[in-house]
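Here is the structure we will look at, set down as structure tokens.
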Amino acid sequence: MYELDESKYLYLLGIIPVLVLIFLYNLYWKRKKQREFGNPELVKKLSPQRSVFKSALKLTVVLLALTTIVIALVNPKIGTRTETVKREGIDIVFAIDVSKSMLAEDVAPSRLEKSKQIVSQIINSLGSDRIGIIGYAGSAYPVLPITTDYSVAKMFLQNMNTDMVSSQGTAISDAINLAGTFFDDAQTSKLVILLSDGEDHGEGSEEAAAEAQKKGIKLITIGMGTEKGGPIPLKVNGRIEGYKKDGQGETVITKLYPDALKTIAERTKGGYIYGGSSREVTDYVKNALQNIEKSEFESKEVALYESQYQWFLAAAFLLLFLDIFFLERKTNWITKLNLFNEKE
């Protein structure tokens with residue numbers, strides 16, 4: 001088994017035929033000039049020690065050195081052994097509030113963007129845990145099923161916005177219930193990390209949390225926003241054109257309701273933390289994960305590939321070193337052998 005680490009460098013091998021063509025054209029040009037100068041046989045006698053074979057040999061050595069350098073850049077790897085890899089972790093589902101109130105900028109840059117920053121930093125701190133993502137407002141929407149591909153998770157995370165769920169509100173109960181369907185292994189520890197301002201949290205959230213607790217699911221809730229609150233900006237092409245108003249024409253002020261989020265977390269013997277500091281939230285989650293039993297949910301044999309570039313690089317240096325000793329003169333002892341009966 002083998003693989004090429006940087007196959008994009010293979011195009012450099014295209015230089016080799018170009019150099020061969022230049023060499024052949026140079027030979028043709030020299031012979032043409034010799035014929036113009038005089039009789040080729042007489043011209044040849046003027047430089048009896050010059051060897052065309054040696055010139056071709058030097059070119060061959062240089063081309064081989066160039067080829068090995070390119071292969072070294074490509075870095076071929078050979079699978080020499082296999083080993084069993086065991087992953088231990090827990091299943092985590094991030095439930096992110098994407099209601100319009102999350103556009104408020106009482107925390108910078110906004111509640112939603114701050115939520116995405118926090119989730120991204122938590123993902124960076126994870127080891128081999130599996131993660132999923134849910135977006136919710138008036139209803140819950142599955143964004144990404146359980147996976148170990150953190151780069152894909154971050155891509156989906158960054159694309160989340162307040163337009164992905166049409167119905168408004170904060171249906172925390174729907175988010176918790178949907179998260180329960182993400183967990184496909186009854187033996188694996190389960191955690192839901194829910195980020196919200198807690199406003200308009202709807203009915204049945206406590207009941208949904210109690211049901212989650214029966215299934216062995218813990219909740220960590222993260223409060224986004226401030227209790228003082230802020231207006232909801234209405235933006236066009238990234239510029240604020242105004243603020244959301246109620247039926248009486250008054251600017252709507254959306255606030256953080258931490259008590260609702262604390263109650264939900266307590267139902268599952270989880271915890272609540274204010275999301276003002278990404279670092280504090282990340283540390284809180286890391287500490288919480290240390291107290292949760294981890295399960296082995298994946299075990300497989302993988303081939304371990306070892307880089308082989310050093311051998312090709314050594315060969316290239318050896319060839320270039322030998323090239324120093326290859327002169328374009330005939331070798332006397334080979335000439336004396338007269339292998340091709342050139343002497344009468």
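For the numbers below, each heavy atom of this structure counts, side chains included, while hydrogens, waters and symmetry mates do not. As the structure is a prediction and not an experimental result, all values here were calculated from the model.
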Practice problem: Verify side-chain hydrogen bond (donor to acceptor under 3.5 Å, both in side chains) between Lys286 and Ser125, making sure each step is shown before the conclusion. | Solution: CA-CA 7 Å; Lys286 286 173 65 176; Ser125 69; 5.8 Å; no
Practice problem: Decide side-chain contact (heavy atoms from CB on, under 4.5 Å) for Tyr257 and Asp197; before the verdict, give the C-alpha distance in whole Å, the side-chain angles of both, and the deciding distance to 0.1 Å. | Solution: CA-CA 6 Å; Tyr257 290 85; Asp197 53 24; over 6 Å; no
Quiz item: Between Leu195 and Asp97, does a side-chain contact (heavy atoms from CB on, under 4.5 Å) hold up when you go through it step by step?
Solution: CA-CA 6 Å; Leu195 301 93; Asp97 189 346; 5.9 Å; no
Quiz item: What do the steps show when you test Lys228 against Ile253 for side-chain contact (heavy atoms from CB on, under 4.5 Å), and what is the final call?
Solution: CA-CA 9 Å; Lys228 181 181 178 181; Ile253 301 298; over 6 Å; no
Exercise. Just do the side-chain contact (heavy atoms from CB on, under 4.5 Å) check on Phe156 and Val152 with the steps written out, would you?
Key: CA-CA 6 Å; Phe156 277 89; Val152 170; 3.5 Å; yes
Quiz prompt | Worked verdict on Glu105 versus Lys114 for salt bridge (charged side-chain N to carboxylate O under 4.0 Å, His left out) | solution = CA-CA 10 Å; Glu105 298 176 347; Lys114 184 69 172 180; over 6 Å; no
Exercise. Just do the side-chain hydrogen bond (donor to acceptor under 3.5 Å, both in side chains) check on Ser139 and Asp174 with the steps written out, would you?
Key: CA-CA 6 Å; Ser139 59; Asp174 285 0; 5.6 Å; no
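Side-chain contact annotation: Ser120 with Lys154, donor-acceptor N/O pair under 3.5 Å absent. No side-chain N or O of Asp149 forms a donor-acceptor pair with one of Thr147 less than 3.5 Å apart.
Put simply, the side chain of Asp5 does not reach to within 4.5 Å of the side chain of Val74, judged on heavy atoms. Contact annotation: the side chain of Ile16 approaches that of Thr67 to within less than 4.5 Å [non-hydrogen atoms, C-beta and beyond]. Side-chain contact check for Val192 versus Phe183: some heavy-atom pair is nearer than 4.5 Å. Inter-residue side-chain proximity for Leu19 and Leu63 is flagged as met; some heavy-atom pair is nearer than 4.5 Å. Two residues are said to be in side-chain contact when any heavy atoms from C-beta on lie closer than 4.5 Å; Ile176 and Ile264 meet this criterion. Looking only at side-chain heavy atoms (C-beta outward), Pro142 and Phe182 come within less than 4.5 Å of each other. In this structure, Leu289 and Leu191 have side chains that are in contact, with non-hydrogen atoms separated by less than 4.5 Å. Side chains of Ile193 and Ile92 form a contact here, defined as non-hydrogen atoms less than 4.5 Å apart.
Met102 and Ile118 fall within a single hydrophobic cluster, where Ile, Leu, Val, Met, Phe, Trp and Tyr side chains are chained together by heavy-atom contacts under 4.5 Å. Put simply, Val20 and Tyr11 are part of the same group of oily side chains (I, L, V, M, F, W, Y) that touch within less than 4.5 Å, one to the next. The hydrophobic cluster containing Ile122 also contains Val143, counting ILVMFWY residues as joined when their side-chain heavy atoms lie under 4.5 angstrom apart, directly or transitively. Hydrophobic cluster membership differs between Ile15 and Leu320, with clusters built from Ile, Leu, Val, Met, Phe, Trp and Tyr side chains linked at under 4.5 angstrom. In the hydrophobic cluster analysis, where Ile, Leu, Val, Met, Phe, Trp and Tyr join through side-chain heavy atoms closer than 4.5 angstrom, Trp311 is grouped apart from Leu66.
Listed here is the closest heavy atom pair of Tyr284 and Ile220: CE2-CG2, 3.9 Å. Residue Val252 comes nearest to Asp246 through the heavy atom pair CG2-N, 3.6 Å, listed as atom of the first residue, atom of the second, then distance. Scanning both residues, Val98 and Gly135, for their nearest heavy atoms gives CG2-C, 4.3 Å. Across Thr268 and Ala209, no two heavy atoms sit closer than the pair CG2-O, 3.2 Å. When every heavy atom of Leu319 is checked against every heavy atom of Ala65, the shortest pair comes out as CD1-N, 3.6 Å. When all heavy atoms of Tyr150 and Gly127 are compared, the closest pair comes out as OH-O, 3.4 Å.
Of the options Leu144, Val119, Ile131, a side-chain contact (heavy atoms from CB on, under 4.5 Å) to Leu157 is made by Val119 and by none of the others.
Partners of Asp184 according to the side chain to side chain donor-acceptor pair (under 3.5 Å) rule, which considers only residues two or more places apart in sequence or in another chain, are Arg130. With sequence neighbours left out, the side chain to side chain donor-acceptor pair (under 3.5 Å) criterion links Ser307 to Asn75.
Note: Leu234 CG to Arg239 CZ = 14.5 Å, rounded to the nearest 0.5 Å. Expressed to the nearest 0.5 Å, how far CZ of Phe321 lies from CG of Leu318 amounts to 8.5 Å. How far CD1 of Ile69 is from CG of Leu12: 10.5 Å, rounded to the nearest 0.5 Å. Between the CG atom in Leu256 and the OG1 atom in Thr226 there is a gap of 7.0 Å [rounded to 0.5 Å]. Rounding to the nearest 0.5 Å gives a distance of 9.0 Å between CD1 of Ile273 and OG1 of Thr282. If you take CG on Leu112 and OG on Ser196, they are separated by 11.0 Å, rounding to the nearest 0.5 Å.
Remark: side-chain polar atoms of Asn287 are paired, donor with acceptor, to backbone N or O of Asp283 under 3.5 angstrom. For Lys116 (side chain) and Met160 (main-chain N/O), a donor-acceptor pair under 3.5 Å exists by modelled atom type.
Annotation for Glu280: atom CD does not count as buried by contact number, only 12 or fewer foreign heavy atoms lying within 6.0 Å. Within a 6.0 Å radius of NZ in Lys244, no more than 12 heavy atoms belonging to other residues, nucleotides or ligands are found. Heavy atoms of other residues, nucleotides or ligands lying less than 6.0 angstrom from OH of Tyr309 number 12 at most. Heavy-atom contacts from other residues, nucleotides or ligands closer than 6.0 Å to OH of Tyr274 number more than 12.
Screening residues 206-222 for side-chain hydrogen bond (donor to acceptor under 3.5 Å, both in side chains) gives Glu206-Arg267 as the qualifying pairs, with residues at least two apart or on separate chains.
Through side-chain heavy atoms spaced under 4.5 Å, either directly or across other Ile, Leu, Val, Met, Phe, Trp or Tyr residues, Phe317 is tied to Leu313. The hydrophobic cluster containing Ile71, built from Ile/Leu/Val/Met/Phe/Trp/Tyr side-chain heavy atoms closer than 4.5 Å, also comprises Phe312. Clustering of Ile, Leu, Val, Met, Phe, Trp and Tyr by side-chain heavy atoms under 4.5 Å joins Ile240 with Tyr243.
Ion pairing between Asp106 and Arg111 holds under the 4.0 Å rule for side-chain N and carboxylate O.
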